[in-house]
Amino acid sequence: MKKLIYILVILTTSISCEDAIDIEVPNGKQRLVIDASFEYYLNENPVDIEGGVRLTLSAPFFDKDTPTVSDATVFITDLSNNSVINFTESTEPGFYAPASTAFTPEFNTTYQLTVVYNNETFIATAQLIPTVPIDNVVQGDNTLFDDETEVIIFFTDDGTRDDFYLFDFDFSLFLASEDRFYQGEAFNFSYFYENMVNGRNVTIKILGIDERYYNYANLLIEQSEQEGGNPFQTPPALLRGNIINTTNIDNFALGYFNLSEANRFDFIIKE
């Protein structure tokens, strides 16, 4: 019973009343979409960095093609010393990467993303959010419904701070969690895959996120469950993240600027 309660608790989400996130029903207006997500695997040798700045334009939900943006100026500023890292478009249209050296943020430092597009300036700020390692992953025998496979994830929360996590279970499957109910404890919970993943190698990740991104992720995941697809692609109901248009506040952009320390665990699901 205790284990069942833990599973239900971790799946429970809470939306902060102090930091509201606006939801707008699409009205056909094309908007800039900024996906600036970075994952830092600091426990790996060498340290691995994933992510960059992806710029697209919103399109009608049933359109097959998403327009990319190739004529923008993109840079990140370390606000502690005003040093700037410029980004340039890679060989992948609309994807911007550091022009010279890798972008390696430090903890407890604020960074500002700036995107200049169509003579308008969009900014967002973020800090690198810490996480904890995944201690172990094992395959279980329980199911909630037929044709499912249980995996059990073990990790130990850091009791010195309030943590928010984003779990990435591969195959565009995500879960956001906060440590309110397991502060500083060794904790485990079950996640259930459909049996289509049996015999496959999966990579399970735990990302450190802040409270506002936790709320944003919960709303994206909730929408994706209703509509299907990857929750971190633009959903039918447009969610405003932390991007601000300093030139024209009404012409807001969609998307988010996020910096996460991350850990991952490779696991083969048995048939």
Side-chain angles (χ1 to χ4, degrees), residues 30-59 65-131 166 168 170 172 174 203 205-210 213 216-217 220 230-234 239 241-247 252-264 266:
Q30 192 173 63
R31 297 191 182 276
L32 179 64
V33 181
I34 302 174
D35 175 13
S37 296
F38 295 82
E39 299 174 8
Y40 295 88
Y41 296 87
L42 303 180
N43 66 329
E44 298 183 4
N45 188 15
V47 171
D48 191 24
I49 302 171
E50 293 186 359
V53 180
R54 188 179 306 278
L55 302 181
T56 57
L57 296 175
S58 62
D65 298 322
T66 301
T68 58
V69 173
S70 298
D71 53 350
T73 299
V74 179
F75 58 91
I76 290 178
T77 305
D78 180 340
L79 295 184
S80 69
N81 57 21
N82 290 323
S83 60
V84 173
I85 296 179
N86 292 305
F87 283 61
T88 58
E89 189 175 20
S90 67
T91 55
E92 179 183 351
F95 185 79
Y96 294 74
S100 54
T101 184
F103 171 47
T104 53
E106 298 180 353
F107 291 111
N108 302 313
T109 302
T110 301
Y111 298 87
Q112 178 176 286
L113 169 69
T114 301
V115 175
V116 181
Y117 173 67
N118 269 357
N119 297 317
E120 295 185 347
T121 300
F122 303 82
I123 67 169
T125 58
Q127 291 192 350
L128 180 62
I129 306 299
T131 190
L166 180 65
D168 180 345
D170 227 337
S172 300
F174 299 89
T203 299
K205 302 177 181 180
I206 179 172
L207 282 64
I209 58 176
D210 63 17
Y213 192 65
Y216 178 84
L220 284 180
N230 187 336
F232 292 91
Q233 294 175 349
T234 306
L239 298 180
N242 62 348
I243 313 292
I244 299 172
N245 186 336
T246 62
T247 306
F252 58 85
L254 305 174
Y256 216 95
F257 176 37
N258 178 65
L259 306 174
S260 291
E261 181 188 11
N263 281 279
R264 53 191 166 194
D266 292 326

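Side-chain N or O atoms of Glu89 include one that pairs as donor or acceptor with a backbone N or O of Gly94 at under 3.5 Å. At least one donor-acceptor pair closer than 3.5 Å links the side chain of Ser58 to the backbone N or O of Arg31. The closest donor-acceptor contact from the side chain of Asn245 to the backbone of Ala253 lies at 3.5 Å or more, if one exists at all.
Taking every heavy atom of both residues into account, Gln127 and Thr109 meet most closely at CG-O, 3.2 Å.
Each salt bridge (Lys or Arg N to Asp or Glu O under 4.0 Å) pair with one or both residues in residues 103-120, not counting sequence neighbours, would appear here, but there are none. For residues 107-117, no pair satisfies salt bridge (Lys or Arg N to Asp or Glu O under 4.0 Å), with sequence neighbours left out.
With a 4.5 Å cut-off on side-chain heavy atoms, Val47 and Thr104 do not count as touching.
Applying the side chain to side chain contact (heavy atoms under 4.5 Å, CB included) criterion to Thr203, with sequence neighbours excluded, gives Asp170, Lys205, Arg264, Asp266. Contacts of Glu92 classified as side chain to side chain contact (heavy atoms under 4.5 Å, CB included), with partners at least two apart in sequence or in another chain: Arg54, Ser90, Phe95. For Thr121, the side-chain hydrogen bond (donor to acceptor under 3.5 Å, both in side chains) criterion is met by no residue, not counting sequence neighbours.
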Donor-acceptor contacts under 3.5 Å from residues 71-78 side chains, at least two apart:
| from | atom 1 | to | atom 2 | distance (Å) |
| --- | --- | --- | --- | --- |
| Asp78 | OD1 | Ser80 | N | 2.9 |
| Asp78 | OD1 | Ser80 | OG | 2.6 |
| Asp78 | OD2 | Ser80 | OG | 3.4 |

- Task: Starting from the C-alpha separation in whole Å, work towards a yes-or-no answer on side chain to side chain contact (heavy atoms under 4.5 Å, CB included) for Phe103 and Ile49.
- Result: CA-CA 9 Å; Phe103 171 47; Ile49 302 171; over 6 Å; no

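Crowding of Asn108 atom CG: a count of heavy atoms from other residues, nucleotides or ligands under 6.0 Å not exceeding 12.
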